[in-house]
S.K.: 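One structure follows; several queries about it will come next.
The first residue in the sequence is number 1, and the count goes up from there.
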Amino acid sequence: MSTSSFTLRYFNTAGLAETIRLLLTAANVDWTEEHPEWPAEKSNQPFGRLPVLIQKSDDGEADFVISESVTIERYLARTYGFLPADPRKAALQEQIRDRLTDIILAFYMQRVASDDKKKELVTKFEDLLKKQVEVSSQALRENGNNGHFFGGELAYVDIATYAFFKYLVVSVKDMQESVSELAKASLTPELHKLISVIEADPLLAAQVDKTEKLVSVLSA
């Protein structure tokens, strides 16, 4: 049977690639990571951006190359069963995931805003985060507060939500500590449950255990 391996190209940071790393780990596939010299290697990427995922056939030759973080995520999630085949059920997960992108964009927009726009954009970011927490917490409650958004098995939206909050709480701390503290304070019991379930999942241990667990950061 033909088997695939993968190479993920990204910077040596969580950034836009942590959900991808977690999906590759959960899929139990053979994968490695490259950290291209930047910007020297910029012109060698499909769109001059990272992340890039290279899928190799069983003879080791690259036979599929894609860019853009969410595109990579969805390709892996569909390929390895972390998104349902039913398009309606998949869309319920994808809408939650797409909101995370909106929030990250709003975070960076308020960081670079001019003084006269700063307050407005900070408020926009805070409102988006608050609504995401409300919607996510309700969905988790309606699913029985078992640490998953839908059903009882690990899904794409579970992984993406975990990676999102770990990014805001941990990675953002050195950039804007007030946002990190806001994200920590916003976490509901339902989201705490999701984080603990994700970090205890043996499918994800190889990646989760590379850094301090978010459960430990939140309890410190």
S.K.: Using a 4.5 Å cut-off between side-chain heavy atoms of Ile, Leu, Val, Met, Phe, Trp and Tyr, which other residues end up in the same hydrophobic cluster as Val65?
M.R.: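 Listed partners: Tyr10, Phe11, Leu16, Trp38, Leu50, Val52, Ile54.
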S.K.: The criterion is salt bridge (Lys or Arg N to Asp or Glu O under 4.0 Å); which residues satisfy it with Asp102, sequence neighbours excluded?
M.R.: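 Salt bridge (Lys or Arg N to Asp or Glu O under 4.0 Å) list for Asp102, sorted by chain: empty.
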S.K.: Would you say the side chain of Ser69 lies within less than 4.5 Å of the side chain of Thr19, judging by non-hydrogen atoms?
M.R.: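 In short, these two side chains do not touch, never coming nearer than 4.5 Å.
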S.K.: When you compare the side chain of Phe6 with that of Asp30, does any pair of heavy atoms fall below 4.5 Å?
M.R.: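 Answer no - side chains too far apart.
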S.K.: For Ser43, check side chain to side chain contact (heavy atoms under 4.5 Å, CB included) against everything at least two apart and list the hits.
M.R.: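 Partners of Ser43 under the side chain to side chain contact (heavy atoms under 4.5 Å, CB included) test: none.
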S.K.: Can you get from Leu22 to Tyr80 by hopping between Ile, Leu, Val, Met, Phe, Trp and Tyr side chains that sit under 4.5 Å apart?
M.R.: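 Same hydrophobic cluster.
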S.K.: Determine whether Gln138 and Glu142 satisfy the following criterion, side-chain contact (heavy atoms from CB on, under 4.5 Å), listing intermediate values before the conclusion.
M.R.: CA-CA 6 Å; Gln138 181 178 346; Glu142 290 176 351; 3.0 Å; yes
S.K.: Report the residues that fulfil side chain to side chain contact (heavy atoms under 4.5 Å, CB included) with Asp59, sequence neighbours left out, ordered by chain and then residue number.
M.R.: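 Per chain and number, Asp59 pairs via side chain to side chain contact (heavy atoms under 4.5 Å, CB included) with Ser57, Glu61.
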S.K.: Any sub-3.5 Å donor-acceptor pair from Thr79's side-chain atoms to Leu76's backbone N or O?
M.R.: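 Answer holds: no.
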S.K.: For Ala206, give me all partners under side chain to side chain contact (heavy atoms under 4.5 Å, CB included), at least two apart in sequence or on another chain.
M.R.: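 Ala206 satisfies side chain to side chain contact (heavy atoms under 4.5 Å, CB included) with Thr25 once adjacent residues are dropped.
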S.K.: Could you tell me whether the side chain of Leu140 reaches within less than 4.5 Å of the side chain of Lys193, counting heavy atoms only?
M.R.: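 When only atoms from C-beta onward are counted, Leu140 and Lys193 do not touch, as no gap falls below 4.5 Å.
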S.K.: Leu218, Val197: one ILVMFWY side-chain cluster at the under-4.5 Å cut-off?
M.R.: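 Per the 4.5 Å side-chain linkage, Leu218 and Val197 are not co-clustered.
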S.K.: List the residues meeting side chain to side chain contact (heavy atoms under 4.5 Å, CB included) with Asn44, not counting sequence neighbours, and say none if there are none.
M.R.: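 Only Glu41 meet the side chain to side chain contact (heavy atoms under 4.5 Å, CB included) criterion with Asn44.
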S.K.: Can you tell me how far the NZ atom of Lys42 sits from the CZ atom of Arg49, to the nearest 0.5 Å?
M.R.: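 One finds 8.0 Å between NZ of Lys42 and CZ of Arg49.
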S.K.: Check whether any side-chain heavy atom of Leu100 lies under 4.5 Å from a side-chain heavy atom of Tyr167, and answer yes or no.
M.R.: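 Result no, sub-4.5 Å side-chain heavy-atom pair not found.
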S.K.: If you measure from CD1 on Ile20 to CD on Glu33, what distance do you get to the nearest 0.5 Å?
M.R.: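 Answer rounded to 0.5 Å: 9.5 Å.
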S.K.: Can you give me every donor-acceptor pair (side chain of residues 126-135, partner residue at least two apart or in another chain, under 3.5 Å) with its distance?
M.R.:
from   : atom 1 : to    : atom 2 : distance (Å)
Gln132 : OE1    : Arg99 : NE     : 3.3
Gln132 : NE2    : Ile96 : O      : 3.3

S.K.: Membership question, hydrophobic clusters at under 4.5 Å side-chain separation (ILVMFWY): are Val122 and Tyr108 in the same one?
M.R.: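 In one cluster with Tyr108: Val122, no.
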S.K.: Got a sec: does the CZ of Arg141 have more than 12 other heavy atoms crowding it under 6.0 Å?
M.R.: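 For Arg141, atom CZ is crowded (more than 12 foreign heavy atoms under 6.0 Å).
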S.K.: Side-chain donor-acceptor pairs under 3.5 Å in residues 145-155, sequence neighbours left out?
M.R.:
from   : atom 1 : to     : atom 2 : distance (Å)
Asn146 : OD1    : Asn143 : ND2    : 3.2
Asn146 : OD1    : His148 : N      : 3.0
Asn146 : ND2    : Gly151 : O      : 3.0
His148 : ND1    : Asp158 : OD2    : 2.9

S.K.: If I take atom OG1 from residue Thr7 and atom CG from residue Leu24, how far apart are they, to the nearest 0.5 angstrom?
M.R.: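 Reported to 0.5 Å precision, the distance equals 10.0 Å.
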S.K.: Please give me the minimum heavy-atom distance between Lys166 and Val208, naming the atom from each residue.
M.R.: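 Residues Lys166 and Val208, closest heavy atoms: NZ-O, 4.5 Å.
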S.K.: If we only count heavy atoms from C-beta on, is the Arg78 to Tyr156 side-chain gap below 4.5 Å?
M.R.: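 The answer is no; the side chains never approach within 4.5 Å.
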S.K.: What distance do Leu23 atom CG and Ile72 atom CD1 have between them, rounded to the nearest 0.5 Å?
M.R.: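 It is 10.5 Å, given to the nearest 0.5 Å.
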S.K.: Among the clusters formed by ILVMFWY side chains lying less than 4.5 Å apart, do Val215 and Ile198 turn up in the same one?
M.R.: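 Val215 and Ile198: one cluster.
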S.K.: Report yes or no: do Gln55 and Ser4 form a side-chain donor-acceptor pair below 3.5 Å?
M.R.: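 Indeed, the side chains of Gln55 and Ser4 share at least one donor-acceptor pair under 3.5 Å.
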S.K.: Are any of the side-chain heavy atoms of Trp31 and Arg21 separated by less than 4.5 Å?
M.R.: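 Yes, at least one pair of side-chain atoms sits under 4.5 Å.
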S.K.: Mind checking salt bridge (Lys or Arg N to Asp or Glu O under 4.0 Å) for Glu199 and listing every partner two or more places apart, or none if nothing turns up?
M.R.: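 Per chain and number, Glu199 pairs via salt bridge (Lys or Arg N to Asp or Glu O under 4.0 Å) with no residue.
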S.K.: Taking all non-hydrogen atoms of both residues, which atom of Ser216 and which atom of Ser219 are closest, and how far apart?
M.R.: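 Here Ser216 and Ser219 meet closest at O-OG, 3.1 Å.
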S.K.: Are the side chains of Thr71 and Leu53 in contact, using a 4.5 Å heavy-atom criterion?
M.R.: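 No. Closest side-chain heavy atoms not under 4.5 Å.
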S.K.: I need the Phe165 CZ to Leu214 CG distance, nearest 0.5 Å.
M.R.: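 Rounded to the nearest 0.5 Å, the CZ-CG separation comes out at 10.0 Å.
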S.K.: Mind checking what makes salt bridge (Lys or Arg N to Asp or Glu O under 4.0 Å) contact with Lys213, not counting sequence neighbours?
M.R.: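 Checked Lys213 against salt bridge (Lys or Arg N to Asp or Glu O under 4.0 Å); matches are Asp209.
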S.K.: Show me the donor-acceptor pairs, under 3.5 Å and distance only, between side chains in residues 169-181 and residues at least two apart or in other chains.
M.R.:
from   : atom 1 : to     : atom 2 : distance (Å)
Gln176 : OE1    : Gln110 : NE2    : 2.8
Gln176 : NE2    : Gln110 : OE1    : 3.2
Ser180 : OG     : Val169 : O      : 2.6

S.K.: Please check if any side-chain donor atom of Gln207 sits under 3.5 Å from a side-chain acceptor atom of Glu18, or the reverse.
M.R.: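 Looking only at side-chain atoms, Glu18 and Gln207 do form a donor-acceptor pair, the distance falling under 3.5 Å.
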S.K.: With sequence neighbours excluded, tell me which residues meet ring-ring contact (aromatic ring centres under 6.0 Å, His included) with Phe64.
M.R.: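 So Phe64 forms a ring-ring contact (aromatic ring centres under 6.0 Å, His included) with Tyr75.
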S.K.: Nearest 0.5 angstrom please: Leu182 CG to Phe107 CZ, how far?
M.R.: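 One gets 11.0 Å once the value is rounded to the nearest 0.5 Å.
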S.K.: Show the nearest heavy-atom pair for residues Pro51 and Ser67, with the distance to one decimal.
M.R.: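 Pro51 and Ser67 have their closest heavy atoms at O-OG, 3.2 Å.
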S.K.: Is there a path of hydrophobic side-chain contacts, each under 4.5 Å between heavy atoms of I, L, V, M, F, W or Y residues, that connects Val157 with Ile104?
M.R.: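 Same hydrophobic cluster.
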S.K.: Does any part of the side chain of Leu83, heavy atoms only, come nearer than 4.5 Å to the side chain of Glu94, both counted from C-beta?
M.R.: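 The answer is yes, as the side chains (C-beta and beyond) meet within the 4.5 Å cut-off.
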